[in-house]
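Note that the structure is a prediction, hence the values are computed from the model and not measured. Computed over heavy atoms, backbone and side chain alike; hydrogens, waters and symmetry mates excluded. Order of appearance sets the numbers: ligands from 1, and atoms from 1 within every ligand.
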Amino acid sequence: MNRAAQNQGFTCEHCGASVVPLTNGSYRNHCPACLWSKHVDLMPGDRAATCHGLMRPQHIEHRRKKGLAIMHRCVECGFVRANRIADDLRQSDDVDAIAALMSRLTSPLR
Ligand SMILES: [Zn+2]
Ligand SMILES: [Zn+2]
């Protein structure tokens with residue numbers, strides 16, 4: 001597959017939202033509505049993983065160079081990956097969903 005074919009929109013398998021591709025050239029790898037992702041990459045964008053399990057958003061981390069990142073964990077195999085938060089003019093990540101994840105960071109449960 002070439003890069004253009006990989007960077008297409010998709011339907012979220014967790015909440016059913018229609019997700020449009022990013023316009024800034026980077027890969028959209030999680031749903032902007034519920035923030036769930038899918039285990040399709042070994043390295044970002046390579047689509048080389050064979051697991052294809054859904055990846056649950058765990059919490060938000062601040063990365064020194066990359067800014068805010070969502071930590072995803074695969075519900076099938078436990079693989080953990082950091083994904084940058086997408087801010088795209090057409091469809092950016094849902095601020096309420098991000099705020100809910102961030103509040104989990106400071107919750108006493110942790
Ligand atoms: Zn979703
Ligand atoms: Zn997996």
>> Checking one value in my table: which N/O/S atom of His39 lies closest to the Zn ion (ligand 2)?
In response: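 Atom name returned: ND1.
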
> Is the backbone N or O of His39 less than 3.5 Å from a side-chain atom of His72, with the two atoms forming a donor-acceptor pair by type?
Replying inline: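 No; judged by distance alone, with no hydrogens or angles, the pair does not exist.
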
> Taking side chain as C-beta onward, heavy atoms only, is Val80 less than 4.5 Å from Gln58?
Replying inline: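 No, too far: nothing below the 4.5 Å cut-off.
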
> Under a 4.5 Å cut-off applied to non-hydrogen side-chain atoms, are Asn29 and Met55 in contact?
Replying inline: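 Asn29 does not reach Met55 side chain to side chain.
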
> Where do Asn83 and Leu35 land on the side-chain contact (heavy atoms from CB on, under 4.5 Å) test, with the steps shown first?
Replying inline: CA-CA 10 Å; Asn83 285 303; Leu35 305 182; over 6 Å; no

>> Strictly under 2.8 Å, is the Zn ion (ligand 1) approached by any N, O or S atom of His14?
In response: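 Not a single backbone or side-chain N, O or S atom of His14 is under 2.8 Å from the Zn ion (ligand 1).
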
>> I need the SG(Cys12)-the Zn ion (ligand 1)-SG(Cys34) angle, rounded to 10 degrees.
In response: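 My answer is 110°, to the nearest 10°.
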
>> Rounded to the nearest 10°, what angle sits at the Zn ion (ligand 1) between SG of Cys31 and SG of Cys15?
In response: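 If I round to 10°, I get 110°.
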
>> Using 2.8 Å as the threshold, say whether any N, O or S atom from His52 sits that close to the Zn ion (ligand 2).
In response: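 No, outside the cut-off.
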
>> Given the Zn ion (ligand 2) as the apex, I'd like the angle to SG of Cys77 and SG of Cys74, rounded to 10 degrees.
In response: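 Nearest ten degrees: 110°.
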
> What distance do Ile85 atom CD1 and Asp94 atom CG have between them, rounded to the nearest 0.5 Å?
Replying inline: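 Here the interatomic distance stands at 11.0 Å.
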
